[in-house]
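Working notes for the structure below.
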Amino acid sequence: MQLILEIAFTHIAGRGRQTLVAVIGVAVGVGFSIAMAALMEGGQDDFVEQLVNTMPHVEVTDEERSARSQPAEALFAVTEISGLRPREDRRGIINPTAALAWLEGWIPGRFAPSLNAQGVVRFSGREVGATIIGVDPQSERGVSPIVGEFVAGDFAALTAGGNNVVIGDTMAERLGAELGDTVTAVSSQGLTRNFRIVGLFHTGTTARDEGEAYALLKNAQILAERPNAVNKIRIKLDDPNKAPMVARRVEAELGYKAVAWQEANESILEALVVRNVIMYTVVAAIMLVAGFGIFNIISTITHEKARDIAIMKSLGFAESDMRHLFLLEGVVIGFGGSALGWVLGFGLVYALSLVRFELAATGQEMTQLPVAWSIWHYLIASGFALASAAVAGYLPARRAARQNPVDIIRGAT
Amino acid sequence: MSALIEAENLTRILHETVPVTLVKDVSLTVGESEFIAVTGPSGSGKSSLLYLLGLLDRPTSGTLKVGGRDAEPMGEGERARTRLSMLGFVFQFHFLLPEFSARENVEIPMRKLGRWSRSEMRARAAEILESLGLEGHIDKRPDQLSGGQRQRVAVARALANDPPLILADEPTGSLDTKSSEQVFKILEALVRERGKTVVAVTHDLGMAARMDRRIHLVDGMVEAGEDVAGAQAQKT
Ligand SMILES: Nc1ncnc2c1ncn2[C@@H]1O[C@H](COP(=O)(O)OP(=O)(O)O)[C@@H](O)[C@H]1O
Ligand SMILES: [Mg+2]
């Protein structure tokens, strides 16, 4: 085998320039594949992380997903009930304290009950539609996307009690209100109540910064005329990946609709999968092109070395030896290209990780390109490259190995 | 004395648009330590016969035994192994691998066979090359050697695995008189001193006359009267 490898090297070395082109072809393919994978996955990770950080992992609401089972269904084997719909009157989650206690009993994570009420916030003649979210500041800390995002005041000021509210900075801007100003909240029930702004947050999510006002649960309950009611329990899990499982169980046992973050973002996550499929298709296509370079050079060598092949066969080398020889040449080029491609890929990813820019216009700031470092990007790119090199070497190798040595020796004589 | 080659009614027909008969009904037996000339006009099938005997080509019909073993059922790999250990080829052109030195060229069949250690192979290659008068040229590449020297390297390569049978197709065909004589003497010495069997195609009737036995081919067939009779006449 070492002999075959030595002969393979002399063949490759004998075609230095063409070999270099083939190697560079593979290297560029591998390098750019790595860079592309790093960018794509970096973006994806960044995105998913944002989702996981800003959203509750499971959200239990007082809605029901499907209609309750009817007594008739328990009595008869076959029933048909038409016009059945889930209950629409939303009275809140019944006995939230018991529900919370039950959740805490088996789910490792943090929980926050809240009452979300639609309303309007007014200040000096201006109005902004808002979701008024009544929270328990203590438990809210564990799940809230806003706690760490304050630009003025802070979340802790809610704890002090009283008629305080924290709102998004965009809402404040639209109202023309500032920290310390007193705004009026109007619920859809028509009740009004004054609140003092004790904090302004900026999460980067426009809907939130523009449309959410957080007050004490008690105040929201009064405003919405729903004493003691809670219509939402948000759950942050220690392991966000368990969310669908948790949601399923909660829904089965409590009867309320429980939505995992994966379900809430299903279409986005699906789009990410499609993106990955597209990416690896492109990687495969790049490698196919690189494979043409290898095919080209191995074909050239097999034609050029037809006489040597014939003579080696006459010396006692088998067809399989000749197949291995040229297959090996393809793989050697693939390896060389891969190694160089790793260096190139590493360099590209490093360069990309240094790029910094502002993206203020969209409401989200991105200060640098998210790049993911993973050995898998390198291994997968090389895997594609070597597979393509093996195929590109094998095709001419098989043809060359099959050639009848007699035809060549006779022709040369 | 077992026969190295036993051929019976060997026939090779090429199936081109019109069938071409290269070799027809050739029967012959080649023993050990024989020096055999294959003669005949150009296109009479001499090379074709040699390729058949050397397991490079398969006959259309007839039987062939090499070293007492039937060649018919041998697969491609087994034929290759037989070539490697039993047979040495020398062609009109040297066909050395251009990237390798004389010594490396001689070592290649040995390395494929794997019978000797690396240092033994080096020593063997040098020894064979020196015995063919190539001392001082051992590490030269083919393009640094003269035609005669190259052909002697090719002979050395054919001898690498110490095969009992050397098949030579016009080994002196492209050499000048002096080099031809040198190569012929080497082949002769292989038979006389080392007990090898050499089957050599030649156009040179003078050379053919100095060999033990002559097989004369015309249109792919052995011309009667020459072969066995000639050999016996010489030996007695
Ligand atoms: N592939 C082929 N197609 C047609 N004819 C061939 C082919 N190969 C050899 N021949 C013919 O077969 C005959 C025998 O060739 P060869 O064995 O080389 O003869 P020699 O070595 O005695 O000159 C020649 O007439 C040659 O032209
Ligand atoms: Mg010929």
Side-chain angles (χ1 to χ4, degrees), chain A residues 1-19 297-298 300-329 332-333 397-413, chain B residues 12 14 22 42-43 46-48 50-52 54-58 75-101 104-114 118 121 141-142 154 157-158 160-161 163 167 169-170 173-174 201:
Chain A
M1 207 61 210
Q2 204 207 332
L3 174 62
I4 300 284
L5 191 65
E6 266 176 53
I7 297 172
F9 271 113
T10 66
H11 286 177
I12 293 173
R15 293 223 139 241
R17 242 203 0 226
Q18 213 179 343
T19 302
I297 180 175
I298 304 295
T300 310
I301 292 175
T302 55
H303 283 122
E304 205 173 54
K305 295 294 181 189
R307 245 174 58 167
D308 292 10
I309 298 167
I311 202 69
M312 282 193 274
K313 277 189 175 177
S314 80
L315 290 176
F317 285 81
E319 281 185 15
S320 59
D321 293 317
M322 296 298 102
R323 246 192 336 262
H324 291 157
L325 173 62
F326 294 103
L327 183 63
L328 202 61
E329 290 176 19
V332 164
I333 293 174
R398 196 181 55 168
R399 202 195 43 223
R402 275 190 193 158
Q403 227 159 30
N404 188 352
V406 166
D407 295 339
I408 293 152
I409 292 169
R410 202 197 289 279
T413 312
Chain B
R12 177 71 168 106
L14 268 184
L22 305 180
S42 177
K46 304 182 294 295
S47 299
S48 302
L50 223 58
Y51 301 147
L52 288 175
L55 304 178
L56 278 178
D57 200 6
R58 283 180 184 268
E76 191 268 335
E78 204 175 348
R79 293 161 76 88
R81 271 196 298 283
T82 308
R83 285 199 294 275
L84 186 65
S85 58
M86 296 262 311
L87 301 171
F89 276 100
V90 181
F91 299 99
Q92 182 175 356
F93 295 101
H94 59 85
F95 286 150
L96 297 173
L97 299 190
E99 297 92 351
F100 293 94
S101 71
E104 287 167 334
N105 265 288
V106 178
E107 281 179 20
I108 284 170
M110 297 192 226
R111 292 178 64 179
K112 175 61 193 160
L113 185 65
R118 203 60 203 265
M121 289 192 283
R141 287 195 321 189
R157 181 178 61 184
N161 288 333
L167 299 174
D169 192 356
E170 305 187 33
S174 59
V201 172

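A note on names: the letters A, B, ... follow the listed sequences, proteins ahead of strands, and every chain is numbered from 1.
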| task | Without swapping roles, check the side chain of B/E99 against the backbone of A/G14 for a donor-acceptor pair under 3.5 Å. | result | no
| note | When rounded to the nearest 0.5 Å, the distance separating OH of B/Y51 from CZ of A/R410 is 5.5 Å
| request: For residues A/K313 and B/R83, report the shortest heavy-atom separation together with the two atoms involved. | output: O-NE, 2.8 Å
| So, for A/K305 and B/P98, which heavy atoms are closest and what is the spacing to 0.1 Å? | NZ-CG, 4.0 Å
| Under a 4.5 Å heavy-atom cut-off, does chain B meet the side chain of A/I7, its backbone, both or neither? | both
| field | Separation between CD of B/E104 and CD of A/E6, rounded to the nearest 0.5 Å | value | 7.0 Å
| note | Whatever's closer than 4.5 Å to a heavy atom in chain A on B/I108 counts as both
| field | Option from A/T10, A/L315, A/D308 for which side chain to side chain contact (heavy atoms under 4.5 Å, CB included) with B/L97 holds | value | A/D308
| To the nearest 0.5 Å, how far apart are CE in A/M312 and NZ in B/K112? | 11.0 Å
| field | Region of A/I311 in contact with chain B, defined by heavy-atom distances below 4.5 Å | value | side chain
| note | Taking a cut-off of under 4.5 angstrom between non-hydrogen atoms, the residues of residues 397-404 of chain A near chain B are A/N404
| message | Under the criterion side-chain contact (heavy atoms from CB on, under 4.5 Å), I'd like the reasoning laid out for A/I409 against B/L56: C-alpha separation, chi angles, the key distance, then a yes or no. | response | CA-CA 10 Å; A/I409 292 169; B/L56 278 178; 4.2 Å; yes
| Which pair of heavy atoms, one from A/S314 and one from B/F91, lies closest together, and at what distance? | OG-CE1, 3.8 Å
